**Student:** 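What follows is a structure written as structure tokens; I'll ask about it next.
In the text below, chain A, chain B and the rest are named by the order of the sequence lines, each starting its count at 1. Below, each value reflects all heavy atoms present in this structure, side chains not excepted, and no hydrogens, waters or symmetry copies. Predicted, not measured: the structure shown is a model, and the values here were computed from it.
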Amino acid sequence: MTVQEIREKIQAGLPGSEVEIQDPYNDGVHIKAIVKFSGFAGKSIVEQHRMVYATLKDELKAEVHALGLETKV
Amino acid sequence: MDKELQDKIEGLISSKKIFLFMKGTPDAPMCGFSAGVTNVLRSLGADYNSFNVLSDMSVREGIKEFANWPTIPQLYIDGEFIGGHDIVVEMARSGELQKKIGA
């Protein structure tokens, strides 16, 4: 799973979102995603993160065990 | 999830006002995100209990389903799921976590 694939997965699940992926160690494991999505409006931060996690359901079970997340409306 | 496991998880969460599911222990965290949350709680002087999910595979998997949250650590206050590492750090920065802990 590449950084590009993670970005595409999130954007496919949250259409219209802006996704920035940071891979500070360049290892594809300790990844941080910054997701800006209008659909987050009115949702709690927990709900916003759940929405992102839902797009990466299978990935989170496997290799991406350390996904940092920052969400913005 | 079977009833026994759910009861066990609920029992843990209700055993203390602030409860943390983590990898490792507060003195010896086994993952960076678990370490991050214990650092935040320590800096706030929070009195909390924790459970090392690495010691129990059923809790490690069950807690993800229980909270509808795919990752560990998970912090609970007054029985309510608060969030994982990023949310805890953000809430501490904004002062919201201090309010919840003090309330």
**Student:** Is it true that B/E96 and B/Q98 share a donor-acceptor pair across their side chains at a distance under 3.5 Å?
**Tutor:** no
**Student:** Less than 4.0 Å between a side-chain N and a carboxylate O, is that true for B/K3 and B/D7?
**Tutor:** yes
**Student:** Which of residues 35-44 of chain A get closer than 4.5 angstrom to chain B, counting heavy atoms alone?
**Tutor:** none
**Student:** Hydrophobic cluster membership, with links at side-chain heavy-atom distances under 4.5 Å among I/L/V/M/F/W/Y: are A/L69 and A/V73 in one?
**Tutor:** yes
**Student:** Tell me the ring-ring contact (aromatic ring centres under 6.0 Å, His included) pairs involving residues 53-72 of chain B, sequence neighbours left out?
**Tutor:** A/Y53-B/W69, B/W69-B/F81
**Student:** Can you pull out every salt bridge (Lys or Arg N to Asp or Glu O under 4.0 Å) where at least one residue sits in residues 25-49 of chain B? Sequence neighbours excluded, please.
**Tutor:** B/K16-B/D47
**Student:** Given the options A/E70, A/H49, A/K32, which has more heavy-atom pairs under 4.5 Å with chain B than any of the others?
**Tutor:** A/H49
**Student:** Do A/L56 and A/V3 belong together in a cluster built from hydrophobic side chains that touch within less than 4.5 Å?
**Tutor:** yes
**Student:** Given the options B/P70, B/G83, B/G84, which has more heavy-atom pairs under 4.5 Å with chain A than any of the others?
**Tutor:** B/P70
**Student:** Looking at residues at least two apart in the chain, or sitting in another chain, which of them share a salt bridge (charged side-chain N to carboxylate O under 4.0 Å, His left out) with B/E90?
**Tutor:** B/R93
